[in-house]
Structure formats: C-alpha cells, structure tokens
There are 2 protein chains.
Amino acid sequence: MMLKESGRNRTQVKIAWHCTCFNIRRASRSVTEYYDSVLAPSGVRATQFTMLGAAALMGPASVTRLAERLALDRTTLTRNLRVLAEEGLVTISAGKDRRERVVQLTEAGQTAIDRATPLWHKAQSRLIENLGEQRWRRMIEDFADLSDLLEENSD
Amino acid sequence: MMLKESGRNRTQVKIAWHCTCFNIRRASRSVTEYYDSVLAPSGVRATQFTMLGAAALMGPASVTRLAERLALDRTTLTRNLRVLAEEGLVTISAGKDRRERVVQLTEAGQTAIDRATPLWHKAQSRLIENLGEQRWRRMIEDFADLSDLLEENSD
DNA sequence: ATCATTTAAGTGTATATACATCTTTTTAAT
DNA sequence: ATTAAAAAGATGTATATACACTTAAATGAT
C-alpha cells in the first residue's frame, strides 16, 4: 500500500515539468519581464507598446477589430485600453455605428511609441543576438503555429 | 513632411508583429486557454495543476522554495496559493522557523491532482501529436533556454 | 547580551487576462 | 413596419502576475 502510493506520486508528480503550458508560461513571464525592464524608461510596458503599435498600424479602428488583430479577448482589450486612455495615449470615441467605439492613437501616443521604439530595438536585438538569428526565427514561427493551432479549436 | 510621417509610421508600426514578447505572450494565451478548457471538468486550471504538482513533488515546503521551483515571484505565489488554500487543496501553516510558512498538499489536493491528471494527459498528448514529437521536444527546450537566458539577467 | 543585518513572508497597488452576462444598437426575416 | 436575431461593447467576477514596501523572525558581529 505504502509503496503503491509512493509510486503513483513519483509518476504523476513529474508531469508538471514536461507540461507545455507550464513551460511556455514560464518563458513568457521571463520574456515579458525582460522587455518590460528595457522599456521601463519609456513609461510603457511591453503589452502597451504592442497595443499602441496596433493602434498606429490600423488607424482608427473598433475595439473588436483591434482585439482580433492582437488575438486578445475583447473584454481584456477594453480594460487594457482604459489605462492607455487615462494616460492620454489613445482616445476612445463613438463611431458612426453607434455600437462601436473607435480607438485612435493620440499625439502623445505617437510620442510614446517614438520614445519606446529604440528601447524595443535594443531588447529585441540583444535577444536575437543571444539566441542566434536562425533559432530566433524558428521560435517566432513556432509561437505563431502554436497560436494558429490552438486558437478557437477546442475540438 | 506628410510623406516622411507616413514613412516613419509604416516602418515602426510593423515592429509589433516581429516582437518576441508579443508572439510568446499570444502563444502562451492560446496554450493556456487550451489546457484550461481540457482541464475544466476537473475543477482546476492549468496554473493550479502546476502548483499542486509542485506541492506534491516537493512535499512540505516553504513559499520561497516553491516559488523558486515554479520560477514565480514569491508574492504571486502567495496569492495563488490563497485560492488553493480556500478550496482546501493545500494547507499553509507555520514552520519551525517561524518566518516560514509551510505549504502542504491535502487529501483533497491529491484527489484533485488524480482527477486532473488524465485530462492533462489528453491535452498534452493531443498537442504533441499535432506538433510532432520531435518539434514539440525542441519547443520545450527553447522555452527552457529562453527562461534560463532571461531570468534575473537585466544587465 | 545587544544590535545591525539578512531572510521569509505578506500587503498595497497596478496591470493583464478571460468567462458569463447585460445593454444597446443594427440587421434580417416576415 | 415589427420583431427576432446578431453584433458591439461594457461590467461583474475571478485568477495570474510583479514591484515597492512593510513586518516579523533569525543570524551574525561585536
């Protein structure tokens, strides 16, 4: 009985360290902290830099369109945008379709992007250097494929 | 002037989609939602399954030791553990060293692990199948290397 | 023995994230 | 034209995450 229990535990217990979810979440935390630390002087975080970049890329766009572009839940984006709006980096206003709210980068938002971009380059290039261009490229592909494989595909 | 502006925007704006941080975060969201959806019937989330697994693996351990094992900020773990404690899956009690709090899996915690493990296997094996064993193995290595490279290395 | 230092943990605060549900507005079906 | 269905968004709730700071206990230097 005692031995059986130990055996079960020893087996099950190691599961966690091969878990794809655990491993990618850990890596994601590390990468985020790294980018955040490099971007810190600009006053925007990595996630915010991404959102501002999307807003700049798309021009005035609805919350839903932005959320699709960022592969983020709409409600997540709503709340993340609130922070940017409070800081004056984007405006959120009513659209022609009155259900829609149009997100738009402000001057201050563009300035923030300009401030953050060189730092982002620093973070990005140092990481690529450390990994090797080849391997980094492969990783980015892997990330994209993982997302494509799993997004909206429970079955 | 107009053209210069557009040129700048067009360049900067594409940055976000090559960003390592954005890409790994997106993939991490997808993977997490996938594992969460498969684990749902067990009543534990992917992150909780990992924490329970760590508690099972280590036996009674301090918050700091657990946090190190999980590569999580100590304060993050404190709060995540609170949820597990409220559900009776772990106990958190004073240690011999009175600064320490000892985390310990309960019977109910072990039951939860037992309930979740087959589901975890299902999620994990389906993902590996879809990626191919070879490629999956490589990814796990990449994740680990990313973490090792970036953890505690702001320099 | 006393006190400065280090260590363990918790709290305040803030962001990031998503699901379930509600409200408002538009679109489609009749 | 009226009403049912769909779409866009926000809110309630809950977890996950980390930094700056505080509190309490142990350790070490004298």
Side-chain angles (χ1 to χ4, degrees), chain A residues 21-22 24-37 39-40 43-51 61-68 70-87 89 92-103 150-152 154, chain B residues 21-22 24-37 39-40 43-51 61-68 70-87 89 92-103 150-152 154:
Chain A
C21 189
F22 165 64
I24 198 172
R25 284 184 72 88
R26 173 159 56 106
S28 171
R29 285 195 298 270
S30 300
V31 172
T32 302
E33 280 173 51
Y34 167 65
Y35 275 78
D36 276 351
S37 76
L39 286 179
V44 296
R45 300 173 168 236
T47 47
Q48 299 174 330
F49 183 65
T50 305
M51 287 187 287
S62 74
V63 173
T64 297
R65 283 223 314 140
L66 258 180
E68 276 164 5
L70 292 164
L72 261 181
D73 189 273
R74 212 178 54 235
T75 68
T76 299
L77 186 57
T78 294
R79 297 184 211 238
N80 290 357
L81 284 173
R82 182 142 65 206
V83 178
L84 297 180
E86 274 163 10
E87 287 175 1
L89 305 183
I92 306 174
S93 49
K96 213 168 57 178
D97 181 334
R98 278 218 179 75
R99 292 169 303 180
E100 283 187 358
R101 315 220 90 210
V102 176
V103 180
L150 297 176
E151 263 161 27
E152 309 298 313
S154 288
Chain B
C21 189
F22 166 63
I24 197 171
R25 285 184 72 88
R26 173 158 57 106
S28 170
R29 284 195 299 270
S30 301
V31 172
T32 301
E33 281 172 51
Y34 167 64
Y35 275 78
D36 276 351
S37 76
L39 286 179
V44 296
R45 299 171 169 240
T47 47
Q48 298 175 331
F49 182 65
T50 305
M51 287 187 286
S62 73
V63 173
T64 297
R65 282 223 314 140
L66 259 179
E68 277 163 4
L70 293 163
L72 261 181
D73 189 274
R74 209 184 55 236
T75 68
T76 300
L77 186 56
T78 294
R79 297 185 211 236
N80 290 358
L81 284 173
R82 182 143 63 207
V83 178
L84 297 180
E86 273 163 11
E87 287 174 2
L89 306 183
I92 305 174
S93 49
K96 212 167 61 177
D97 181 334
R98 278 219 180 73
R99 292 170 302 180
E100 284 185 1
R101 315 220 91 210
V102 176
V103 180
L150 297 176
E151 264 161 26
E152 310 298 314
S154 289

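In what follows, chains are A, B, ... by sequence order, proteins preceding strands, each numbered from 1.
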Nearest-Å distance for atom pair [atom1]/[atom2], residues [X] and [N]:
X      : N      : atom1 : atom2 : value
A/E151 : C/dT17 : CD    : C1'   : 14 Å
A/L66  : D/dA8  : CG    : C1'   : 14 Å
A/L81  : D/dG9  : CG    : C1'   : 12 Å
B/L84  : D/dA16 : CG    : P     : 8 Å
A/K96  : D/dG9  : NZ    : C1'   : 19 Å
B/L77  : D/dT17 : CG    : C1'   : 11 Å
A/R98  : C/dT25 : CZ    : P     : 8 Å
B/D36  : C/dA20 : CG    : C1'   : 16 Å

Next item on the list: Please test B/L72 against B/N80 for side-chain contact (heavy atoms from CB on, under 4.5 Å), starting from the C-alpha separation and ending with a verdict.
Entry: CA-CA 10 Å; B/L72 261 181; B/N80 290 358; 4.2 Å; yes
Interatomic spacing from [atom1] in [X] to [atom2] in [Y] - rounded to 0.5 Å:
X      : Y     : atom1 : atom2 : answer
B/L70  : B/T47 : CG    : OG1   : 10.5 Å
A/Q48  : A/L39 : CD    : CG    : 9.5 Å
A/R74  : A/L81 : CZ    : CG    : 12.5 Å
B/R101 : B/S93 : CZ    : OG    : 7.5 Å
B/R45  : B/E33 : CZ    : CD    : 10.5 Å

Check: Which nucleotide in the list C/dA18, C/dG10, C/dT11 gets nearest to the side chain of B/R82?
Finding: C/dT11
Next item on the list: Kindly point out which of D/dC19, C/dT17, C/dC19 is positioned nearest to the side chain of B/T75?
Entry: D/dC19
Next item on the list: For D/dG9, take OP1 and OP2 only and decide whether either is under 4.0 Å from a side-chain N or O of A/T78.
Entry: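 Answer no for this pair, as no side-chain N or O of A/T78 is under 4.0 Å from OP1 or OP2.
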Each nucleotide N or O in nucleotides 13-15 of chain D that has a protein N or O under 3.5 Å away: list the pair and distance.
{"from": "D/dT13", "atom 1": "O4", "to": "A/R79", "atom 2": "NH1", "distance (Å)": "3.2"}

Check: 5'-most contact on DNA chain D: A/R25 or A/A61, nearest heavy atom basis?
Finding: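 Closest to the 5' end, via its nearest nucleotide, is A/A61.
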Next item on the list: Would you check, one step at a time, whether the test side-chain contact (heavy atoms from CB on, under 4.5 Å) holds for B/T64 with B/E68?
Entry: CA-CA 6 Å; B/T64 297; B/E68 277 163 4; 3.7 Å; yes
Output one line per pair: protein atom, nucleotide atom from nucleotides 6-8 of chain C, and distance, for all N/O pairs under 3.5 Å.
{"from": "C/dT7", "atom 1": "O2", "to": "B/R99", "atom 2": "NH1", "distance (Å)": "2.9"}

Margin query: Tell me which one of B/L89, B/L84, B/L66 satisfies side chain to side chain contact (heavy atoms under 4.5 Å, CB included) with B/M51.
Written below: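 The single option meeting the side chain to side chain contact (heavy atoms under 4.5 Å, CB included) with B/M51 is B/L84.
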Notebook entry, point to check: Can you tell me if B/R29 uses its side chain to pair, donor with acceptor, with the backbone of A/A71 under 3.5 Å?
Noted result: yes
Next item on the list: Return the 5'-most residue of the pair A/D73, B/R65 with respect to DNA chain C, ranking by each residue's nearest nucleotide.
Entry: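 Going by which nucleotide is closer to the 5' end, it is B/R65.
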